[in-house]
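See structure below.
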Number of protein chains: 2
Amino acid sequence: MTYSYDYPRPAVTVDCVVFGLDPTNSLQVLLIQRRLPPFVEQWALPGGFVQLDEALEQAARRELQEESGISGLFLEQLKAYGQPHRDPRGHTVTVAFYALVNLWSYQIKAATDAKQARWWPMEQLPSLAFDHEKIVQDAIATLQASICHRPIGFELLPKKFTLTQLQRLYEIVLARPFDKRNFRKKLLKLNILIPLDEKETNVTHRAAQLYQFDQAKYMERQKTGFNFDL
Amino acid sequence: MTYSYDYPRPAVTVDCVVFGLDPTNSLQVLLIQRRLPPFVEQWALPGGFVQLDEALEQAARRELQEESGISGLFLEQLKAYGQPHRDPRGHTVTVAFYALVNLWSYQIKAATDAKQARWWPMEQLPSLAFDHEKIVQDAIATLQASICHRPIGFELLPKKFTLTQLQRLYEIVLARPFDKRNFRKKLLKLNILIPLDEKETNVTHRAAQLYQFDQAKYMERQKTGFNFDL
DNA sequence: CCAAAAGTGTTAAATTTACACCCATGT
DNA sequence: ACATGGGTGTAAATTTAACACTTTTGG
């Protein structure tokens, strides 16, 4: 390294707002109970210090893995937060990410994790450490905007899903109802859902058609000026 | 301060992608020629180190003021960049912002600035220091998305503008043509433009009606579920 | 046969697109 | 009078919104 600079530096952390949709159709956020000061015993977003020469997203994935055992999920940067007194230990800049998980797969792990990780329903979050409440609010706003313009909602569902599940997902995240017929028409016309040769099982009523998101076709059509848009 | 932590820390900087639209209808980006290593003499985004206990946006505004003399402009956070080797001096996380300026007002200042600040047309940027080319690309993409969904384009025009100026602005930023009649219909129907009792002056043809953006009305209508959208 | 959710089509309204000519002003 | 950009309307196509009943399956 040829040059150096020695200003006093803020600390740099990452924090993750992990959203999960569970089979009972409730949107959940993963929280960690802190064991160290500051804010001991309070609930907070999973996250921690960025190590030297570690990329931001990589740090976020590492912290998620360490604190909750989940990996390989959809992760996007949200925003950096650097208000001077957001951390009582001193000036700390945090880069927040949001992540999407389908709880059909991850439910067990997170629920039984030894490190005090727990899913909390969006509507009843406990009070949070630092400025994490603000971060969660920003994350839900960004999630709402993103889900309307890009096909990321599928990250919250199992690979094979029914149109009703998809509609519920949108209704939950956007907090508004959709008309069943119009919703189905619109989604099917986009032509990025593959109807499978399979139906729902273990239901006490007519079994629904299962679909799968066609990532490849979406990518292709995207290049030729195609928009997802709701 | 009750707690402390002494991990080795990445440095934290801010960088600004300042977009300006000039009267000849070209989209420009403000660049600074570096006087210190690394990347001496190369062009780069205005920016610099975040000081201890300084908020991120505040740091961005301070750097812009110091390096180019402009202040009071529209500024929004873009993204944080933290790839390990993006700065040869050592691990540095930068929080990038993008800003909008109307060059009808700022033209002189920036052009005559002693500190080697210069406007460059978007289509012919020089090669840039660090990963600033990537940052500029991300900024233009974000600008394009934002300008479609929120009325921020007005920040690039003088307070009083004509519909043709507005249309040109959209055409330049989005790099596609709009139909004159349809564009005017759409914008006027939004009902957030105030027609003034004034016309363009010093033109060699029929003088155009001047309009002003009605921020107040926009804010109101936004609360009652109203979207700008193109 | 009952309960529960799946699946399906039409119509009216609103929005979007395409398109061409006259107007006002300064030289 | 002419060059330059300002300003305007209509019709067709597409998209959206509203709305209710029949089907399938398991219990």
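Lettering of chains follows the sequences in order, A, B, ..., and the numbering in each one begins at 1. Predicted, not measured: the structure shown is a model, and the values here were computed from it.
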*Start with the C-alpha gap between B/Gln28 and B/Asp22, add the side-chain angles, then the distance that decides, and say whether side-chain hydrogen bond (donor to acceptor under 3.5 Å, both in side chains) holds.*
CA-CA 8 Å; B/Gln28 320 252 345; B/Asp22 78 7; 3.0 Å; yes

Taking [atom1] from [X] and [atom2] from [N], how many angstroms apart are they, rounded to a whole number?
| X | N | atom1 | atom2 | answer |
| --- | --- | --- | --- | --- |
| A/Glu200 | D/dT24 | CD | P | 16 Å |
| B/Leu210 | D/dG6 | CG | C1' | 12 Å |
| B/Lys189 | C/dT15 | NZ | C1' | 7 Å |
| B/Leu187 | C/dT15 | CG | C1' | 15 Å |
| B/Phe183 | D/dG9 | CZ | C1' | 19 Å |
| A/Gln167 | C/dG7 | CD | P | 12 Å |
| B/Leu230 | C/dT15 | CG | P | 15 Å |

[X] vs [Y] side-chain heavy atoms within contact, under 4.5 Å:
| X | Y | answer |
| --- | --- | --- |
| A/Gln83 | B/Gln58 | no |
| B/Lys79 | B/Lys134 | no |
| A/Tyr211 | A/Leu188 | yes |

*Can a cation-pi geometry be assigned to B/Arg176 and B/Phe178, taking NZ or CZ under 6.0 Å from the six-membered ring centre and within 45° of the ring axis?*
yes

*Looking at B/Phe39, is B/Arg34 sitting on its ring face, NZ or CZ under 6.0 Å from the six-membered ring centre and within 45 degrees of the normal?*
no

*Should B/Arg184 be listed as having a side-chain N or O under 4.0 Å from OP1 or OP2 of D/dT8?*
no

*Touch check for B/Gln209, heavy atoms < 4.0 angstrom, all strands: base, sugar-phosphate only, or nothing?*
sugar-phosphate

*asked:* Mind checking if B/Thr164 touches a base, just sugar-phosphate, or nothing, with heavy atoms under 4.0 Å?
replied: sugar-phosphate

_Short side-chain to backbone donor-acceptor contact, B/Gln77 and A/Ala80, under 3.5 Å_ = yes

*Let me have a per-nucleotide readout for nucleotides 19-27 of chain C, 5' to 3', with B, S or -, counting only protein heavy atoms under 4.0 Å.*
BB--BBBS-

*Hey, which of these two, A/Lys186 or B/Thr162, hits DNA chain D nearer its 5' end, going by closest nucleotide?*
B/Thr162

